[in-house]
Each structure stands twice: as structure tokens, then as C-alpha cells.
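In what follows, a single structure is set out as C-alpha cells and then discussed.
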Amino acid sequence: MQERRSGVAYAPHRPDQARNRLSRAVRRARERSAVTGYKAVAATVSRVTPRVAVPVGKAIFVGSYFAWPHKRRIILANASHVLNLPPGDRRVRHLARRIYGTYARFIIELMRLPYLPADEPARLVRSYDRGQPDQESFIELFEQLRAQGRGLIAVSAHIGSIDVMAGAVALRGLPVYGVADDSAYPELFDELNAQRNRWGITVVPWRNIRRVFTALRQPGIVGLVVDWGYRSDGVPVRLFGQWTTLPAGPALLAARTGAAIVPVVCRRREDGSYSARHYDPIETPDASPATIQRTTQAVAAAVEDMIATAPDQWYSFKPIWPATQAERDELGRRAAAMLD
């Protein structure tokens with residue numbers, strides 16, 4: 001019931017509204033702290049040589065491997081699938097620690113990039129592995145598609161640095177778009193995207209599907225990362241011999257725009273440079289369930305090869321495979337139904 005004071009109606013106090021305001025204030029403060037902390041650390045890292053920053057970063061990240069049991073279990077589970085060994089095997093534990101170490105190097109190099117010349121990605125990508133001897137280079141392949149009025153969907157995983165490869169391509173004057181999740185820590189999202197914009201990459205929030213369609217029909221290059229973690233509503237695929245899912249987005253976009261899907265990867269080399277590679281284009285002639293499953297399985301096969309070639313550069317900190325055999329069996333049945 002409302003009460004009236006001096007002729008003005010007052011709504012009764014609602015505790016849930018107060019909690020929501022408090023929650024938003026806490027989240028906002030956490031976001032600002034994350035951005036401030038990231039900038040401060042990045043500024044510090046830019047002032048010291050990698051010879052000093054990298055060992056310190058590795059020590060911190062490997063320390064978090066031991067201090068954060070939940071994330072450690074995820075990394076061990078993912079590494080055990082890659083190596084086809086039990087999570088407790090010493091080789092799996094060794095790979096998990098290496099992943100933390102190489103991820104530390106990746107983060108330190110990412111923090112240093114804003115303080116380096118804008119053309120740094122072009123310098124870092126020193127070689128291009130065409131995969132098969134008769135394949136065209138990635139840029140030549142895109143020019144062929146553009147001449148046909150078709151876009152290119154570059155799919156990858158959290159391996160090495162796909163940002164560096166995208167920057168090297170964008171610096172050639174080609175229209176490059178990256179689809180990214182802006183829902184968590186939007187201020188930090190904007191901070192990181194300022195660097196991508198500096199290279200000529202246009203970042204599109206993943207909810208803006210219309211903008212993604214426009215970019216592909218330009219035609220342009222749209223980058224999508226597909227290893228965001230297992231989701232039961234994704235497309236069932238086999239990855240390292242076990243059923244899991246990958247998002248349907250790349251296949252559906254390709255079917256609806258006529259774009260070609262091209263898996264790409266950019267791995268770090270021991271000297272600090274990067275070697276980029278693209279795989280054979282994947283065509284998606286229609287959006288039938290069978291085509292969507294086959295296309296997504298082809299993407300999974302490329303991702304598996306990317307990971308297997310340099311497993312310590314795979315920085316996935318979310319569960320990639322379902323936790324139970326019942327879930328895996330259900331995915332197998334769904335895949336069969338899609339292909340029927």
C-alpha cells in the first residue's frame with residue numbers, strides 16, 4: 001500500500017531494489033579496480049625488460065596454479081583430454097604448469113603492445129605457414145573471396161595470439177572485424193579494444209549480429225574464437241576422440257551470408273615472433289542440421305590440430321568437455337539425429 005505525504009505518493013521501500021543497487025555499485029567498483037590495476041601493471045611491465053618481467057610473471061601465474069584449486073582442476077581436465085591420460089598423470093600436471101607459464105608470457109607481451117609502435121604485429125608475424133604447399137596465402141585467399149563478393153569467417157581458439165595475426169592483416173589495409181564478449185568487465189573490454197583499433201581492427205560486441213552480417217557482406221574478414229567452454233546447447237562434435245560441443249555461430253553465419261570459414265592460428269615461437277597458419281576453407285552450402293554438424297565438425301578437426309601442435313599455448317580456462325559419460329552419450333545421439 002502506498003502512503004501519501006504532503007500530497008505526494010510514496011512507494012514502500014523494497015529491499016530487493018536496494019540489493020540490486022548495491023550489487024551494481026559493487027560490480028562497478030570491481031570493474032574500475034580491474035581497469036586501474038591492469039593499466040598500472042601494464043605501465044610497470046612496459047618499463048622493464050622482458051628478461052625481468054617474464055620470470056616474475058611466470059612465478060605469479062604458476063603460483064596461482066597451486067593457489068586456485070578450481071581453475072587447476074579445469075586445466076588438468078582439459079590437458080588430460082589432449083594427452084589422453086588421467087588428470088593425475090605427471091605428464092598432464094607438467095603440461096598444465098607449462099600452460100600457466102606460457103600464458104604469463106602472453107599476458108606480459110599483451111601489456112607491452114600499447115607502448116610499442118603501432119605496426120608491431122606486422123613485425124612480429126615473421127613467417128607464414130601455408131599448411132599445404134599448394135595453398136594460397138591467407139591474404140590471397142581473402143582477395144579471391146572478395147572478388148566473388150564473399151566474406152571470410154576466420155575461426156580460431158585461444159592459442160598463441162590471434163590478436164597479433166589479426167593486427168598484421170589489418171595493417172595491410174584489409175577490413176578486419178573481431179567479435180568479442182563485452183558482458184564481463186566492459187571497461188577493461190574497452191581498454192583492450194583501444195589497442196585493436198590502433199591496428200585497424202574493428203571490434204563488434206557479440207550481441208550485435210546485424211553488424212556482423214554487414215561486415216561479412218562488405219565483404220570483410222570476421223574473426224570468431226570458438227573454444228569458450230562446453231555448452232550443452234551447442235553443436236555436438238568429436239574433439240580429441242570425445243564428444244563435446246562447439247558453437248553453431250560460424251556455420252550459421254556462413255550459410256546465411258555465403259562466406260567461407262577458414263580456421264586460422266598464430267603460434268608464438270621461441271624467439272618471440274609468431275608463425276601464422278590457415279587451413280583449407282570450409283564451405284557451408286545450407287543451414288540444414290546435417291550441414292551445420294558437418295561444418296562444425298570440420299572446425300573441430302582444425303582446432304584439434306591447432307592444439308595438438310602446441311598444447312602448452314592453449315589458454316582455455318573453462319571446461320571444454322562435459323563432466324559425465326551420460327552427457328557424452330547424449331551428444332553422440334544428437335549428432336546422429338542431426339545427420340539423419
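The figures here come from the full heavy-atom set of this structure, side chains too, leaving out hydrogens, waters and symmetry mates.
Scanning both residues, Arg146 and Pro219, for their nearest heavy atoms gives CG-CG, 3.7 Å. Between Ala168 and Pro121, the closest heavy-atom pair is N-CB, 3.5 Å. Residue Val125 comes nearest to Cys266 through the heavy atom pair CG2-SG, 4.3 Å, listed as atom of the first residue, atom of the second, then distance. Across every non-hydrogen atom of Met338 and Val235, the tightest pair is CE-CG1, 4.3 Å.
Arg231 meets the side-chain hydrogen bond (donor to acceptor under 3.5 Å, both in side chains) test with Asp233; sequence neighbours excluded. Under the side-chain hydrogen bond (donor to acceptor under 3.5 Å, both in side chains) criterion, Thr245 pairs with no residue at all, not counting sequence neighbours. Arg47 pairs by the side-chain hydrogen bond (donor to acceptor under 3.5 Å, both in side chains) definition with nothing, not counting sequence neighbours. With sequence neighbours excluded, the residues forming a ring pair (Phe, Tyr, Trp, His ring centres under 6.0 Å) with Trp321 are His81, listed by chain and number.
When atom types are taken as modelled, the side chain of Asn208 and the backbone of Val204 share no donor-acceptor pair closer than 3.5 angstrom. Of the possible polar contacts, none joining the Asn197 side chain to the Thr202 backbone as a donor-acceptor pair under 3.5 Å is found. Judged purely by atom type and a 3.5 angstrom limit, Arg238 uses its side chain to pair as donor or acceptor with the backbone of Gly241. Within the 3.5 Å criterion, the main-chain N or O of Ala67 finds no donor-acceptor partner in the side chain of Ser64. A distance-only check finds no donor-acceptor pair linking the side chain of Arg328 to the backbone of Thr244 [under 3.5 Å]. Counting only distance, with no hydrogens or angles, the side chain of Ser273 and the backbone of Arg269 share no donor-acceptor pair below 3.5 Å. Arg267 places no side-chain N or O within donor-acceptor distance of the main-chain N or O of Gly160, the cut-off being under 3.5 Å. Gln313 places no side-chain N or O within 3.5 Å of a backbone atom of Ala310 that could act as its donor or acceptor partner.
For the pair Phe317/Ile75, a side-chain contact is recorded, criterion being any heavy-atom separation below 4.5 Å from C-beta on. Proximity of Val82 to Trp314: side-chain heavy atoms (C-beta onward) are separated by under 4.5 Å at one or more points. The shortest side-chain heavy-atom distance between Ile153 and Val155 falls under the 4.5 Å cut-off.
Other cluster members for Leu339: none, since no ILVMFWY side-chain heavy atom sits under 4.5 Å from it. Ile60 shares a hydrophobic cluster with Val56; the chain of contacts runs through ILVMFWY side chains whose heavy atoms sit under 4.5 Å apart.
The closest side-chain donor-acceptor pair between Asp312 and Thr102, if any, does not fall under 3.5 angstrom.
Every pair passing salt bridge (Lys or Arg N to Asp or Glu O under 4.0 Å) that includes a residue from residues 292-306 is listed here, sequence neighbours excluded: Arg277-Asp305. Screening residues 212-240 for ring pair (Phe, Tyr, Trp, His ring centres under 6.0 Å), with sequence neighbours left out, gives His158-Trp228. Applying the salt bridge (Lys or Arg N to Asp or Glu O under 4.0 Å) definition to pairs two or more places apart or across chains, those involving residues 161-177 are Asp163-Arg196. Residue pairs meeting the salt bridge (Lys or Arg N to Asp or Glu O under 4.0 Å) criterion with at least one member in residues 56-69: none, sequence neighbours excluded. Residue pairs meeting the salt bridge (Lys or Arg N to Asp or Glu O under 4.0 Å) criterion with at least one member in residues 108-124, sequence neighbours excluded: Glu109-Arg268, Glu120-Arg123. Sorted by first and then second residue, the ring pair (Phe, Tyr, Trp, His ring centres under 6.0 Å) pairs involving residues 45-64 (not counting sequence neighbours) are Phe61-Tyr103.
With rounding to the nearest 0.5 Å, the separation of CG in Leu252 from OG1 in Thr291 is 11.0 Å. Note: Leu124 CG to Leu113 CG = 7.0 Å, rounded to the nearest 0.5 Å. Atom CG in Asp227 sits 5.0 Å away from atom OG in Ser316 (nearest 0.5 Å).
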- Task: Report the C-alpha distance between Asn193 and Ile201 in whole Å, list the side-chain angles of each, state the deciding distance to 0.1 Å, and finish with yes or no for side chain to side chain contact (heavy atoms under 4.5 Å, CB included).
- Result: CA-CA 9 Å; Asn193 286 342; Ile201 303 170; over 6 Å; no
- Task: Please test Trp68 against His70 for side chain to side chain contact (heavy atoms under 4.5 Å, CB included), starting from the C-alpha separation and ending with a verdict.
- Result: CA-CA 6 Å; Trp68 198 346; His70 174 65; 4.1 Å; yes
- Message: Before you tell me yes or no, could you show the steps for Val264 and Phe138 under side chain to side chain contact (heavy atoms under 4.5 Å, CB included), namely the whole-Å CA-CA distance, both residues' side-chain angles and the distance that decides it to 0.1 Å?
- Response: CA-CA 9 Å; Val264 299; Phe138 180 79; 3.6 Å; yes
- Given side-chain hydrogen bond (donor to acceptor under 3.5 Å, both in side chains), test Thr296 with Gln293 step by step and report yes or no. CA-CA 5 Å; Thr296 310; Gln293 200 284 325; over 6 Å; no
- Message: Using side chain to side chain contact (heavy atoms under 4.5 Å, CB included), reason through Leu174 and Ile139 one step at a time and then give a plain yes or no.
- Response: CA-CA 9 Å; Leu174 299 181; Ile139 294 174; 3.8 Å; yes
